[in-house]
Amino acid sequence: MTVTRDVALAQAAEADARFKAGAPRGPLDGVPIALKDLFCTRGIRTACGSKILERFVPPYDATVYQRLRAAGAVLLGKLNMDEFAMGSSTENSAYFTTRNPWDLDRVPGGSSGGSSAAVAAGLAAASLGTDTGGSIRQPAAFCGVVGLKPTYGRVSRYGLVAFASSLDQAGPFTKTVADTARVLQVIAGADPMDSTAAVVPVPDYLAALGGGVKGLRIGIPREYFIDGMDPEVERAVRAAVEVLRGLGARTEEVSLPHTEYGLAAYYLIGPAEASSNLARYDGVKYGLRVSGGRDLVEMSSKTRAAGFGREVKRRIMLGTYALSAGYYDAYYGQAQRVRTLVARDFKAAFERVDAIVAPTTPGVAFKVGEKEDPLQMYLNDVFTVPVSLAGLPGISVPAGFTLQGLPIGVQVIARAYDEPTVLRVAHAYEQATDWHTRKPTLEATPR
Ligand code: GLN
């Protein structure tokens, strides 16, 4: 979306000077990174994939960007995304569709598709995305990189353009689990600017990597292997489980019985919160204004009609309906009750096991334009949404390729704030395999 050339060169020169002086600033000194275009960056446009924010230049930095800078990271630019993080392919970006580096006819996943593609293509050493219902884990799986959604509350949301505030969480994309640990170390922790960023001590994530999985109890959820899923994905995930067993993990089947209701609950709660969050784009406070209306209401309605894309309008309508008097309890209230049941499923499973291993997605990267029906698109999130509803940490790590050469991801889930176990299992698996070392061959083909 935006290349921050001058910022990058200035920050890199400062990092060089610190190295010469023998005083590197922090664990990410000189590391080139990029941000999904919904993290506010002072003086740098933050458009969130939307025409309504096309000219929005934030007057302040998101906490996570402040922390990355303080650790020495160098900002290369801002990355494409589905408008307001609604989508699974970046096709909902109001600007352009990002391509998958493994196959340029295919999507990189979404909504953080720019963030996963940039790391997969080797354009940045790390990037940040956000995950509300899968938007870090799903694109990581589609692009063959590591993507971590931390526990809800682990990372500050201050300075993130909000989609669904009870679900949104920022996290890293990297090539390796160790690099994810390094970035998480920098961005995690309480923040006086965000009361939902929990005051929970931040452990040493790199130190957690070494533990191995010997004796660890790992659950395989029965409900995550469903009819209609890609058999190559199922095979790869079952093979990953075997690798972990070979490393000494004790695996057992677990049940998460309310999994099938997760999507329906998510697609009520997410839009309900979005309809409320997006009320702020009224043509007055910031962003686009379409003038010429007779009064304030007409100006606002013209602005929103012109500034929001189809999917965003669909969510606003869904959410407004679900929250309206008379329907509130039947839809929103019911969805919240289902959310509690989904969270209880995980709680019960984690009484028996320390981690859960499952597919990240039911299929691999699909073709641009292939999923025109929004419901088909929503089905992609079936294995990522429950973890979001329960607020748990989840990572996707490369777990092989289809015969066609498309990446497959395996998901590791643990208890709230137990990122150390998520990273430990993921790292043990990664070190026993070589999927993460493969690189896409990118050719400049005219299209
Ligand atoms: N694909 C899901 C959606 O469209 C999740 C998006 C996200 O996690 N931001 O809502």
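Every heavy atom of this structure was used, including side-chain atoms; hydrogens, water molecules and symmetry mates were not. In listed order, ligands and their atoms are each counted from 1.
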Does Tyr267 reach ligand 1, in the sense of a heavy atom lying below 4.0 Å from it? yes
Consider only side-chain N and O atoms of Asn80 and Thr98, and report whether a donor and an acceptor are under 3.5 Å apart. yes
Does only the side chain of Ser135 get under 4.0 Å from ligand 1, or the backbone, or both, or neither? Count heavy atoms. both
Give yes or no for whether the N/O distance cutoff of 3.5 Å, strictly under, is met between Asp381 and ligand 1. yes
When only distance counts, is Phe163 in polar contact with ligand 1, meaning an N/O pair under 3.5 Å? no
For atom CZ of Arg314, is the number of surrounding heavy atoms from other residues, nucleotides or ligands below 6.0 Å larger than 12? yes
According to the interplanar angle, ranging from 0 to 90°, do the rings of Tyr281 and Phe84 count as parallel (below 30°), tilted (30 to 60°) or perpendicular (above 60°)? tilted
Any N or O of Arg315 closer than 3.5 Å to N or O of ligand 1: yes
Would you say Tyr266 and ligand 1 have an N/O pair spaced under 3.5 Å apart? yes
Would the distance check show the side chain of Arg154 and the main-chain N or O of Glu419 forming a donor-acceptor pair, the cut-off being under 3.5 Å? no
Below the 3.5 angstrom mark, is there an N/O of Gly87, backbone or side chain, next to an N/O of ligand 1? yes
Within a radius of less than 6.0 Å around CZ of Phe308, do more than 12 heavy atoms belonging to other residues, nucleotides or ligands occur? yes
Interatomic distance, Gln11 atom CD to Thr4 atom OG1 [nearest 0.5 angstrom]: 7.0 Å
Of all the heavy atoms in Ser111, does at least one lie under 4.0 Å from an atom in ligand 1? yes
Number the atoms of ligand 1 from 1 as they appear, then name those within less than 4.0 Å of a heavy atom of Ser88, with their elements. 1 (N)
Please tell me whether Lys149 and Ser388 have a donor and an acceptor in their side chains that are separated by less than 3.5 angstrom. no
Check this for me - ligand 1, Met86, N or O atoms closer than 3.5 angstrom, yes or no? no
Asp82 side-chain N/O to Glu91 backbone N/O, donor-acceptor pair under 3.5 Å: yes
Of all the atoms in ligand 1, which lie at a distance below 4.0 Å from a heavy atom belonging to Ala85? 6 (C), 7 (C), 9 (N)
